[in-house]
2 protein chains.
Amino acid sequence: MLRSCAARLRTLGSVRGPPGGRRLPGSEPRPALRSFSSEEVILRDYSVPNPSWNKDLRLLFDQFMKKCEDGSWKRLPSYKRIPAEKIQDFKTHLLDPKLMKEEQMSQTQLFTRSFDDGLGFEYVMFYSDVEKRMVCLFQGGPYLEGPPGFVHGGAIATMIDTTVGMCALMAGGVVVTANLNINYKRPIPLCSAVMINSQLDKVEGRKFFVSCNVQSVDEKTLYSEATNAEVEANLGFVSGSSWLQIPNFQHQDSLPLRDDQHRSA
Amino acid sequence: MLRSCAARLRTLGSVRGPPGGRRLPGSEPRPALRSFSSEEVILRDYSVPNPSWNKDLRLLFDQFMKKCEDGSWKRLPSYKRIPAEKIQDFKTHLLDPKLMKEEQMSQTQLFTRSFDDGLGFEYVMFYSDVEKRMVCLFQGGPYLEGPPGFVHGGAIATMIDTTVGMCALMAGGVVVTANLNINYKRPIPLCSAVMINSQLDKVEGRKFFVSCNVQSVDEKTLYSEATNAEVEANLGFVSGSSWLQIPNFQHQDSLPLRDDQHRSA
């Protein structure tokens, strides 16, 4: 599926800076904005703490921000929408105007950023280029409910997909997820913080193989509740693997890429 | 993961009728309500057409409603929340009050019903007990965006998970998804209708094996765009398989079940 691309383009846009050269929030946490104009909503970086973040999530955020200080890790900003100039190539290549009208396009929001603060997906991603590793700190709000009190498996799949997609993007270029294989081990309580670890394992031609697991931030609680320790995935709530590939666009070279991006053969 | 249970309990509740014996919408489509009290929101059946449904989705809905007339298929109603009396056993067995407070519980909504009409997951499920087959008619709204103009892969995974979960529930009892393996073949345009077909393949002890594919409702477009026809899944946008198992509750017998439910050994 191509669905990872949007999140990645949103991040690419942010890496280059938003349209108009407006200054983005820096790496320091800041209080969440409470009232936004539509432009502010589009330009707002959602990958920083807001009042809905629990103590665990804030603590982890601070720890990873510390790791960013020497440049070995990077925090990835993210936005609700892709800047218009980034979207153009995708529209040209992928969209059939019979299926998606211009006015419908104007309503769209990135799935993982389409809830109000605290109700849905609260997350921030950090990337280590040396380790080819993406860590997503995630807290699922009350609108992500599956079984009573727990995060819906589809919401977990969404965050795994987003994390492995971003990992492959940062490591290799614009990719699409072709396969997602998730083993669910234990339910994740709503409003709790978890850590999603994603690692690029290998690249074969156009395919990127990325592994992933979801772990509690409270290791004590986590390990004591693991029941099937023969598989490494059991150490986490969820394990998964995924392979992604570069989409076969007709005019691939015109797709937007980061300056430092490369594509495998 | 346990996340399928909530949706199933919501349906179980609806099969028996909502609390207080209030009459539910019948099988006939009705105009979407525009203003709801909180009780109405909880009791409202979301598995009927609303003004956001496109022509394809309405047509398919009518076709399946026709199939329901002889009793071979059933439409499954669905709700935002589980009636309180259904939730009690789950809370007793699964919830740690340190992790999820009572007031947070009151905010929760089923993930797949947590968007306003037309913005997120629009869907209805139909089940054939003879065929052990669940069909979900789905239209992804603009808040489910992944790549520009297309449904996020996580949203697709969510609907696949929901559909295979409901299929196993109707066939066998309260289950949890243990594995979800999805091959993404082609992107699904936002605001288009697709058909998610789910089939119970086999039951091995506590495990239910369910296969699933996502097909365009426009077969012509679908088949002409299929590229890897050696796998049956290629006929659809997405294929997936899943196995689910009965959760290992300590006091399993006290869990709410439909009258006609059974559990495998």
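In what follows, chains are A, B, ... by sequence order, proteins preceding strands, each numbered from 1.
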When rounded to the nearest 0.5 angstrom, what distance separates CG in B:N183 from OG1 in A:T177?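 Going from CG on B:N183 over to OG1 on A:T177, the span is 11.5 Å.
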Enter the distance from A:T108:OG1 to B:H152:NE2 here, rounded to the nearest 0.5 Å. 13.0 Å
Heavy-atom pair of closest approach, residues B:Y143 and A:Q107: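 For B:Y143 and A:Q107, the tightest heavy-atom pair comes out as CE1-O, 3.5 Å.
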Mind listing the closest non-hydrogen atom pair of A:G154 and B:F111 along with its distance?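 Heavy atoms of A:G154 and B:F111 come nearest at C-CE2, 4.0 Å.
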Taking A:N181 for its side chain and B:I182 for its backbone only, find out whether a donor-acceptor pair lies under 3.5 Å.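 Answer holds: no.
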